[in-house]
Structures are given as C-alpha cells and as structure tokens.
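Below, each value reflects all heavy atoms present in this structure, side chains not excepted, and no hydrogens, waters or symmetry copies. When a residue number appears, it is its place in the shown sequence, counting from 1. First listed ligand is number 1; within each ligand, the first listed atom is number 1.
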Amino acid sequence: MEIRYNSTRSKSAPVKASEAILRGLSEDGGLFVPDHVPALDVPVDKLAEMDYQQTAYEVMKLFLTDFTDEELKDCIARAYDEKFDTEEIVPIVEKDGVYYLELFHGATIAFKDMALSILPHLLTTSAKKNHVKNEIVILTATSGDTGKAALSGFADVAGTRIIVFYPKNGVSPIQEKQMITQKGKNTCVVGIYGNFDDAQTGVKKIFGDRKLAEEMDAKGFQFSSANSINIGRLVPQIVYYVYAYGQLLKEGKIKAGEKINVTVPTGNFGNILAAYYAKQMGLPIDRLICASNENKVLYDFFHTGTYDRNREFVLTSSPSMDILISSNLERLIYHIAGNDADKNRELMSALTQGGTYTITESMKEKLADFYGNYASEDETAETIRSLYEKTGYVIDTHTAVASCVYEKYRNETKDTKPTVLASTASPFKFTRSVMEAIGGEYGQMEDFELADKLSEISGVTTPKAIEEIRTAPVLHNHVCEKDEMEQAVTEFLSL
Ligand SMILES: *Cc1c(COP(=O)(O)O)cnc(C)c1O
C-alpha cells in the first residue's frame, strides 16, 4: 500500500517519500511522518536467513513506496559495501549478558554512517524521480561527527557537492584531521573563526538567501540538507533492529516471536524513534530504554510528562548526546497525540516560546513502552572500566551511558529479557575519555599514541578510519571569518 508523508504541524497535502526526502523539512516547519506504519511482511523466522542488504530492502520498500525495486536495491548496494570493515555490516557482540549491536563499522566509525552512507543515493534517486535537473549542494555545519560522516557519504557521488563548515578551534584534533584530509573533488571543508552556533547560524542564513538561490538555479545548483530529521536518515535506521532480531534467532539466542528489549543512547531521538517504528511494524520488542547523559531532558520528560529545556547545558564526555532540544521527539509527540497536527503544533510553539510543554494524561499513557534514565559522568567512566575489567571489551562513552542505564533498568525492574544495546561509536573515536576511564596514567599521551595503547589493551586492531588520517595529506586548508561563509560557497561553486 502506498505511503504518503504528512507534516507533524498541519494537514497540508501529503507528499510521496521521494519528495519528503528532497525537501527534508515541511514548509510549515513540521517533520514528515508516514501516514501509517506498514507491517513487516516477512515472517519473523525468515529474518534469520536474510543478510543486511536483504533486510534493508524488505524494510525500506515498505516506507519508500514510490521507489522502484531496482532503484532501492541499487541504493542499498552502493551504500552497504566494502566501506564497512565487516561483511555483516553490524556485528552483534554478547558481553556480560547484553547484546551490543555494533553500529560503528562504517567509514567514520560512528552510527551516523548507517544512514549517511545511503542518504546521498536516496537523494539523487529522488531528484531524478522528481525531474530535478540541478546539481544538489549539501550544506552542513558540524560540531564534529556529522560533518565527516556526511562528507564521506557524499564524496564522489555524481550529481552532488558538499560543503561543510566547522568551528576552527571547536573540534578535537582527530575530528579536524578526519575532515581536512577528505578526498573527493565534490567536497569542500571550511574552518571558521567562531563556535558551532556561528557556523549553524551562517548556514541557516545562506539557506534563506533568495538572491543566492536564484543565482544558483541559473548555474544549475540547488541546496539541500543532510540533517538528521530527514526521513531519508530515519528509515535506514529501522533496518538494523530488524536485522538484529534475525541474527539473534539465527544464533539460537531467542525463539521466533520472543520479545526483546532495546536500549539506545539518545540525543536527537532519531535512533530510538527508529526502534519505536520497528516495534510498530510488528517486530517483537517489549521496552524501549532511552538513555541520557547529564543533559537529562528526556529522562525528566518520561517521568513527569513535562519537556523543559530551560536548564544549564552540560558539556559531557558523550558530546553527540549533549542536546537540549531533541528534534525527532516531535514525531513521537504527534503519534501519541493520535496523529494530531493541531495538538502537536500547539505544544511545539509552547516549546519555542517558553522552552517547555506538558503532554496530556492520555498521551502519557501511550508512553508505557518507554523507560528513561540517565548516567552521570562518573557512572559512565565507571561502566567503561568495570566492563573492561570483567570482560576485556572496551566500549565508547556514548555506549557506556546506555550500558549504565540498562543496568539501572535491570536492577529496578528485574526484567531479564534478552536486550539489544545500540553501540553508537567505536572507542577509537573517543580514545582520550575512554582511556582515562580505564586508567588515569594515560592522560599524558598524545592522541595517536592513545589509539595504539587502546589497540594493545583491547586486542582490537586500530580501525582504518584512524590509520588513514595518521599520514593522510591535508587537502582542505580554507579558514574564514564567520561573515565570509557565503563567499566560500560562491567560490567553491564558481558562481
Ligand atoms: C548522534 C549520536 C548519538 C545520538 O543519536 P540520536 O539519534 O541523535 O538520538 C549517540 N551516539 C553517537 C556516537 C552519536 O553520534
């Protein structure tokens, strides 16, 4: 059955999947949501026989109903290939009674690769289907991780260009090196003298510049965004929960139909929302365990029914979860309001105006599937250390937040159902925090030395993503003032 995408903020005309991917955000500021969640049409026991690419096809075809089989299979084949360092794409590692779903085997060793390796292909296919002749120019501001994952996804993809702005002194040395050594003629990386907010503001300004858009159109270009609220990023994330279930069946860890729990380290609420959709599709999932760091807006929300962003922003060792406005939560709010755009719009405008909103009692009842908790900085470090001492397995800081919260859940509820935990980054990406958690004496070492030491104590080979940048030549050395960003764009596009 064909699926159309509605805005979470109005009943404006629903659009096809390819249009929703091209637009990213609805014109009324809402996010695109499917008009219904399709049921999985493969019996669960068949999942055990499917590899990652087949599972991706079975899940995504149900959501992207205006893509032909050939188009979708082509996108999947281009995305999930030898860019990943294992044929399984996402291996599952059982440690201390938990199934760690390793989502970090792609090009930039964090889970953003799962969606950003396929988004460029979904986007160029959508452009073709909608007779867009212009070249698509992706414009992104990054605080570190998303920029590299987007660069690597779009590099050398025909019909696209990508420009990434990052705060010159606001990213880690490894993150900067990852970006400025990026290959691909269609890539452009620019450091700015300013912070992440300056970069983000500059990008929004360029997006809003009508005159520039006209000039671009005349030369055959148009902007688009690789932002995490694009449904082209959400749908590919449903796949790995379905795949994980199949793999557990295959290995005899669960019986067909047996319920599992899912634990997710959460920031913008995209990853856990994908697990929620997997459950709506009929995948036997019981609880969705939402893990936060010290920025615990979501924990408070699940406990009180009030979302309140009026609080201090805490810088933690899990920076990709340092977020006070979880954009994708808006989709859940819309669904638990009974797909009510008016109610959702009312709550979102309260959030914009006063930074807070409260859901109704009946909406709150629909959150029973979720459990929220958080981990402090000390608890996160302690989790990394104790798991390492017990098993020799090293996890990154984001995964550790989830692991700690899962432990709290198990102690509180005595629920011992098999649990899949989304492992969102390689420990090699956050080497310093990880090594300091394991042993204080590592604090003095340099970044690459730390990576060698981590490899030695964990018995895991240093990932290619780290090895490559040790000696890679710098290919981007453009740094500009924050009010020169538009000029950087016009130069790169030779306008
Ligand atoms: C982005 C990110 C998260 C948060 O995921 P959301 O989908 O935004 O909730 C968690 N861990 C890592 C390593 C990330 O890069």
I'd like to know whether Lys83 forms a salt bridge (charged side-chain N to carboxylate O under 4.0 Å, His left out) with Asp113, so could you lay out the CA-CA distance, the side-chain angles of the two residues, the decisive distance to 0.1 Å, and finally the verdict.
CA-CA 10 Å; Lys83 286 193 285 300; Asp113 290 328; over 6 Å; no

Is any side-chain heavy atom of Thr399 less than 4.5 Å from a side-chain heavy atom of Asp396?
yes

Answer with yes or no after comparing the ring centroid distance for Phe67 and His121 against a 6.0 Å cut-off, counting only values under it.
no

Under 6.0 Å from the ring centre and within 45 degrees of the ring axis: does the NZ or CZ of Lys177 meet both conditions for the six-membered ring of Phe448?
no

Contacting atoms of ligand 1, where contact means under 4.0 angstrom from a heavy atom of Pro265
4 (C), 10 (C)

What about Gly270: any of its N or O atoms under 3.5 Å from an N or O on ligand 1?
yes

Please work out which of Phe430, Phe111, Phe104 has its closest non-hydrogen atom nearest to atom 5 (O) of ligand 1.
Phe111

Using the side chain to side chain contact (heavy atoms under 4.5 Å, CB included) definition, which of the options Thr187, Val137, Thr124, Leu123 pairs with Thr160?
Thr124

Quick one: look up the protein heavy atom nearest atom 11 (N) of ligand 1 and list residue, atom name and how far away it is.
Thr424 OG1, 2.9 Å

Ligand 1 versus Lys112: contacting region, heavy-atom distance under 4.0 Å:
side chain

Can you name the atoms of ligand 1, numbered from 1 with element, that are less than 4.0 Å from a heavy atom of Ala425?
13 (C)

Identify, by atom number and element, the atoms of ligand 1 in contact range of Thr266, meaning under 4.0 Å from any of its heavy atoms.
9 (O)

Ligand 1 N/O within reach of Asn268 N/O, cut-off under 3.5 Å:
yes

Atom indices of ligand 1, in the order listed, that fall short of 4.0 Å to a heavy atom of Phe269
6 (P), 8 (O), 9 (O)

N-O pairing of Glu467 and Lys464 below 4.0 Å
no

Run the numbers for me: atoms of ligand 1, each under 4.0 Å from some heavy atom of Asn271, listed by number.
7 (O)

Any salt bridge linking Arg470 with Asp447? Criterion: basic side-chain nitrogen under 4.0 Å from a carboxylate oxygen.
no

Would you say Gly267 and ligand 1 have an N/O pair spaced under 3.5 Å apart?
yes

